A.B. asks: 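Just dropping this structure here.
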Amino acid sequence: MPELPEVETTRRGIEPHLLGHLLTGAQVRQPLLRWPVPPALSLKAPGRRVLAVERRAKYLLIRLDRGTIIIHLGMSGSLRLIPSKTPPGPHEHVDLLFGARCLRLRDPRRFGAVLWSDDDPLSHPRLAGLGPEPLGPAFDGDYLHWAGKSRRVAAKALIMDQRVVVGIGNIYANEALFRAGIHPGRSSGRISLERYARLAEAIKKVLECAIQQGGTTLRDFVREDGRPGYFVQSLQVYARTGLPCLRCGGAIREERIGQRSSFFCPSCQR
DNA sequence: AAATTCTCCTGAAGGC
DNA sequence: TGCCTTCAGGAGAATT
């Protein structure tokens with residue numbers, strides 16, 4: 001599932017191919033994604049040039065000389081760069097054409113989105129109100145401690161709340177909590193500043209490491225050239241139910257916490 | 001007000 | 001073998 005590392009991997013993959021290029025067309029075969037693809041995409045994007053390819057949270061921002069295309073990969077989305085004449089396969093809903101080259105969105109479960117912003121994309125309703133970037137300077141143990149104090153939500157739910165900090169989904173939440181030695185179900189208000197500092201560091205580490213490996217491919221995610229991400233080999237708890245903890249050898253446990261599958265070592269994580 | 005539940009969708013996995 | 005049911009998951013909306 002695309003989380004921050006997968007989106008950043010995609011951004012880095014497509015940026016050099018799009019920067020400065022003219023968007024020659026936008027074809028929408030299936031507009032019913034998480035939200036309907038706005039007509040503005042097809043009406044306003046063609047004829048514009050790409051000024052920048054950025055990421056905010058799990059959103060990709062393709063900034064044009066007028067307007068910005070906003071793309072979210074949902075949980076099964078991926079973007080490929082292919083020749084424009086390539087016939088579309090199943091679930092390939094949207095094409096952004098750049099002459100002979102095409103940026104194609106495939107999203108079997110259609111939880112993704114393609115949006116349009118006329119002016120500042122960061123003010124778009126979907127992006128306004130997002131928390132700080134976990135790899136940015138505003139995110140540290142002090143901040144997390146502040147955000148979690150006097151709250152009773154599970155630590156895992158706290159760091160997956162995009163209003164608290166962005167980009168962390170189920171996989172990396174599990175991994176970061178393991179690395180920090182914090183039980184995913186622990187109440188947010190009952191974690192010391194010191195442990196929050198460890199957690200913030202663990203989050204940064206695990207995200208940076210995953211970006212270096214090109215993200216995590218479980219099922220659908222591929223990079224712009226079709227290669228998978230290799231961080232799956234570095235997962236220490238996610239989907240390792242019953243397998244030995246890499247730290248103490250005990251069995252990894254799986255429980256549902258906050259409506260999500262959670263994986264943890266009951267002796268290493270408190 | 002905060003926390004939980006529901007919702008969208010499809011492919012995979014499990015049951016019989 | 002194959003059909004039917006169940007479930008995961010990002011994140012906004014609805015509900016408690």
Side-chain angles (χ1 to χ4, degrees), chain A residues 1-10 28-38 55-61 70-79 88-94 105-115 123-134 146-177 184-191 203 207 210 215-222 228-229 231-232 235 237-242 254-263:
Chain A
M1 314 89 218
E3 304 181 28
L4 186 150
E6 290 73 37
V7 179
E8 179 62 21
T9 294
T10 299
V28 180
R29 283 177 290 272
Q30 169 58 278
L32 300 180
L33 305 183
R34 182 130 180 24
W35 299 282
V37 178
R55 179 190 57 75
R56 169 72 174 113
K58 300 176 191 174
Y59 292 90
L60 277 170
L61 309 178
I70 302 172
I71 300 174
H72 195 293
L73 297 177
M75 66 160 290
S76 62
S78 58
L79 288 169
H91 311 305
E92 298 190 333
H93 307 309
V94 177
L105 173 71
R106 175 188 142 94
D107 184 7
R109 299 194 184 176
R110 293 170 33 207
F111 280 11
V114 180
L115 304 169
S123 304
H124 190 282
R126 301 278 74 84
L127 278 72
L130 289 170
E133 290 286 331
W146 170 81
K149 72 172 191 294
S150 73
R151 291 191 63 183
R152 268 148 296 180
V153 280
K156 181 152 170 277
L158 182 79
I159 61 173
M160 288 178 70
D161 185 338
Q162 305 298 299
R163 294 166 299 186
V164 172
V165 57
V166 300
I168 304 167
N170 203 31
I171 296 174
Y172 298 109
N174 279 298
E175 294 296 312
L177 287 163
R186 170 163 286 271
S187 195
S188 298
R190 298 181 175 275
I191 299 173
I203 287 170
L207 294 178
T216 301
T217 296
L218 291 180
R219 184 170 304 156
D220 297 291
F221 177 73
V222 291
F231 191 74
V232 65
L235 296 176
V237 286
Y238 186 85
R240 294 195 64 243
T241 313
E254 175 177 358
E255 274 177 34
R256 287 189 75 73
I257 295 170
Q259 308 307 114
R260 288 290 178 263
S261 298
S262 303
F263 305 89

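Here the structure is a predicted model, which means the values were calculated and not measured. Within every chain, numbering begins at 1; the chains are lettered A, B, ... in the order of the sequence lines, protein sequences first and strands thereafter.
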A.B. asks: What pairs meet the ring-ring contact (aromatic ring centres under 6.0 Å, His included) rule with one or both residues in residues 147-169 of chain A, with sequence neighbours excluded?
C.D. replies: none

A.B. asks: Take atom CD1 of Ile168(A) and atom P of dG10(C), then tell me their distance rounded to the nearest Å.
C.D. replies: 12 Å

A.B. asks: How close or far is atom P of dG12(C) from atom CZ of Arg110(A), stated in whole angstroms?
C.D. replies: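 To the nearest whole Å, that distance equals 19 Å.
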
A.B. asks: Tell me the interatomic distance from Lys156(A), atom NZ, to dG10(C), atom C1', rounded to whole angstroms.
C.D. replies: 12 Å

A.B. asks: Who pairs with Arg56(A) by salt bridge (Lys or Arg N to Asp or Glu O under 4.0 Å), at least two apart in sequence or on another chain?
C.D. replies: Glu133(A)

A.B. asks: Might you point out which heavy atoms bring His93(A) and Asp107(A) nearest each other, and give the distance in Å?
C.D. replies: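 In terms of heavy atoms, the two residues are closest at NE2-O, 3.0 Å.
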
A.B. asks: Roughly how many Å is it from CG in Leu130(A) to C1' in dG10(C), rounded to a whole number?
C.D. replies: 12 Å

A.B. asks: Can a donor-acceptor pair be found, under 3.5 Å and without considering hydrogens, that links the side chain of Asn174(A) to the backbone of Tyr238(A)?
C.D. replies: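 No, Asn174(A) side chain to Tyr238(A) backbone: no donor-acceptor pair under 3.5 Å.
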
A.B. asks: Output a table of nitrogen or oxygen pairs between the protein and nucleotides 5-9 of chain C separated by less than 3.5 Å.
C.D. replies:
| residue | atom | partner | partner atom | Å |
| --- | --- | --- | --- | --- |
| dA8(C) | OP1 | Arg256(A) | NH1 | 3.1 |
| dA8(C) | N3 | Arg109(A) | NH1 | 3.1 |
| dG9(C) | OP1 | Tyr238(A) | OH | 2.8 |
| dG9(C) | OP2 | Ser261(A) | OG | 3.2 |
| dG9(C) | N2 | Arg109(A) | NH1 | 3.2 |

A.B. asks: To the nearest angstrom, how far is Trp35(A) atom CH2 from dT7(B) atom P?
C.D. replies: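 Checked: the CH2 to P distance equals 18 Å.
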
A.B. asks: Within the side chain of Arg256(A), is there an N or O that forms a donor-acceptor pair under 3.5 Å with the backbone of Gly258(A)?
C.D. replies: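 No.
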
A.B. asks: Leu73(A) CG to dA11(C) C1': how many Å, rounded?
C.D. replies: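 My rounded result for the distance is 14 Å.
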
A.B. asks: Can you check the Asp107(A) CG to dG10(C) C1' distance for me, whole Å?
C.D. replies: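 Checked: the CG to C1' distance equals 11 Å.
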
A.B. asks: Distance check: side-chain N/O of His91(A) vs OP1/OP2 of dC9(B), anything under 4.0 Å?
C.D. replies: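 Result: no.
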
A.B. asks: So, OP1 or OP2 of dA2(B): does either fall under 4.0 Å of a side-chain N or O from Arg152(A)?
C.D. replies: no

A.B. asks: Verify the contact: side-chain N or O of His72(A) to OP1 or OP2 of dG10(C), cut-off strictly under 4.0 Å; return yes or no.
C.D. replies: no

A.B. asks: Which heavy atom in Ala147(A) sits nearest to a heavy atom in Leu158(A), and how many Å separate them?
C.D. replies: O-CD1, 3.9 Å

A.B. asks: Atom CE of Met160(A) to atom P of dG10(C): distance rounded to whole Å?
C.D. replies: 5 Å

A.B. asks: Between dA11(C) and Arg126(A), counting only base atoms on the nucleotide and side-chain atoms on the residue, is there a donor-acceptor pair under 3.5 Å?
C.D. replies: no

A.B. asks: For Val114(A), which of Ile70(A), Leu60(A), Leu33(A) qualifies under side-chain contact (heavy atoms from CB on, under 4.5 Å)?
C.D. replies: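 In the set Ile70(A), Leu60(A), Leu33(A), the residue that makes a side-chain contact (heavy atoms from CB on, under 4.5 Å) with Val114(A) is Leu33(A).
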
